[in-house]
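Residues take their numbers from the sequence shown, with the count starting at 1.
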Amino acid sequence: MIDLYSIFRGKATKADANQRYYQTHKRAAASIPSLLDAELPAKLHARGTKLFHAAFTAYSSVPTLGLWTPPYRYDAPPYEAMERYHEHENNSDSDEETSEDPGSELWCSDAAILGSLQCERVLDAGQCRAELWQSAPIATIRAELRTELSARIDNWVELKGYPQTGTDWEAVSREVALDWGAKIIVLLVEEWELLVREGLDFHRQAYDTERLPWQDMMRSMKLLLKQETCM
């Protein structure tokens, strides 16, 4: 029997977590005019302040969706890649009990599997920035960030404007690209804002104490995972 209470409770938990996360990170749009001389699209900003599910065990075998190679244009993955992943997972889990918790299903859906590599890359890129920004001139950081963000925003807007056609799989992969594309942009803007507002020393301290935006994202995701799978 489907536990409707658990399903609706799970949706409420996700909504509450998103609201808390949004309230913490809603200032990101304020720094865009000084960084890019342009407005951050409202729909992009709203999407980028949400929390997304990620299957934390998927990682390397999952398509990148084009989000990590300039010019960061969406690259639609064939479903065969996901079929291979599911086949591997089914073989690995053949001797294990399958969870009937609706919350658990959210973290092993196709969207969560596709999101797993995006999450991993966000963390890797954040760690690289933590080191690079300590030694690079602020003007260099700003110039490189402007170039990357301009390309990312342009391609996000272009993808958002595409008509929603194709298979269910294509719709899922497109939405994941929009979700994590927005998330990457907002996290970059938030971290830049913190750097210019508080300075390099504070940025390093925030990294060491796991208070940078991408670290906060991961902490919030782990809390949401616990809430949705342990109800």
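Contact of the L195 side chain with the I138 side chain is registered, since non-hydrogen atoms from C-beta on lie closer than 4.5 Å. Residues E144 and T147 form no side-chain contact, since every pair of their non-hydrogen atoms from C-beta on lies 4.5 Å or further apart. Put simply, the side chain of W214 does not reach to within 4.5 Å of the side chain of E190, judged on heavy atoms.
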Derivation and outcome, side chain to side chain contact (heavy atoms under 4.5 Å, CB included), residues L123 and E120: CA-CA 5 Å; L123 302 183; E120 181 191 38; 5.9 Å; no

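Here the options are R47, K50, H53, R174, the test is side chain to side chain donor-acceptor pair (under 3.5 Å), and the partner is D179; only R47 passes.
Note: the hydrophobic cluster containing V176 also contains L44 (ILVMFWY, side chain heavy atoms under 4.5 Å, direct or indirect links). Under the 4.5 Å side-chain heavy-atom criterion for Ile, Leu, Val, Met, Phe, Trp and Tyr, V189 and L187 are members of the same hydrophobic cluster. W68 and Y72 are assigned to two separate hydrophobic clusters, defined by single-linkage of ILVMFWY side chains at heavy-atom distances under 4.5 Å. Linking Ile, Leu, Val, Met, Phe, Trp and Tyr whenever their side-chain heavy atoms come within less than 4.5 Å puts L145 and I153 in one cluster.
For K222, the side-chain contact (heavy atoms from CB on, under 4.5 Å) partners are M218, not counting sequence neighbours. The side-chain contact (heavy atoms from CB on, under 4.5 Å) test applied to R204 returns E131, Q134, Y207, D208, not counting sequence neighbours. In terms of the ring-ring contact (aromatic ring centres under 6.0 Å, His included) criterion, residue partners of W180 (sequence neighbours excluded) are, by chain and number, F52. Residues forming a side-chain contact (heavy atoms from CB on, under 4.5 Å) with A76 (at least two apart in sequence, or on another chain): Y74. Scored by the side-chain contact (heavy atoms from CB on, under 4.5 Å) test, A171 finds no partners at all (sequence neighbours excluded).
Here the closest non-hydrogen pair linking P63 and L114 is CD-CD2, 3.9 Å. Taking all atoms of both residues into account, the shortest heavy-atom contact from S116 to A55 is CB-O, 2.8 Å. For P71 against N155, the heavy-atom pair with the smallest separation is O-ND2, 2.6 Å. Closest of all the heavy-atom pairs between L159 and A177 is CD2-CB, 3.9 Å. Across Q215 and R211, no two heavy atoms sit closer than the pair OE1-N, 3.2 Å. Summarising the geometry of K183 relative to T49, their closest heavy-atom pair is NZ-C, 4.1 Å, with the distance given to 0.1 Å.
Taken to the nearest 0.5 Å, the CZ atom of R129 stands 11.0 Å off from the CG atom of D124. For the atom pair CD1 of I184 and CZ of R152, the computed distance is 4.5 Å after rounding to the nearest 0.5 Å. Atom CD1 of I141 sits about 8.0 Å away from atom OG of S135, to the nearest 0.5 Å. Going from atom CD of Q227 over to atom OG1 of T229 covers 9.5 Å, rounded to the nearest 0.5 Å. Distance check, rounded to the nearest 0.5 Å: CE of M217 to SG of C119 gives 4.0 Å. We find the CG-CE distance between L224 and M221 to be 8.0 Å, quoted to the nearest 0.5 Å.
Between the side chain of T64 and the backbone N or O of L67 there is no donor-acceptor pair closer than 3.5 Å. No donor-acceptor distance shorter than 3.5 angstrom exists from the side chain of T69 to the backbone of G66, with no hydrogens or angles considered. Remark: side-chain polar atoms of E170 are paired, donor with acceptor, to backbone N or O of T167 under 3.5 angstrom.
Within the structure, the ring pair (Phe, Tyr, Trp, His ring centres under 6.0 Å) test picks out the following pairs touching residues 129-166 (sequence neighbours left out): W133-H203.
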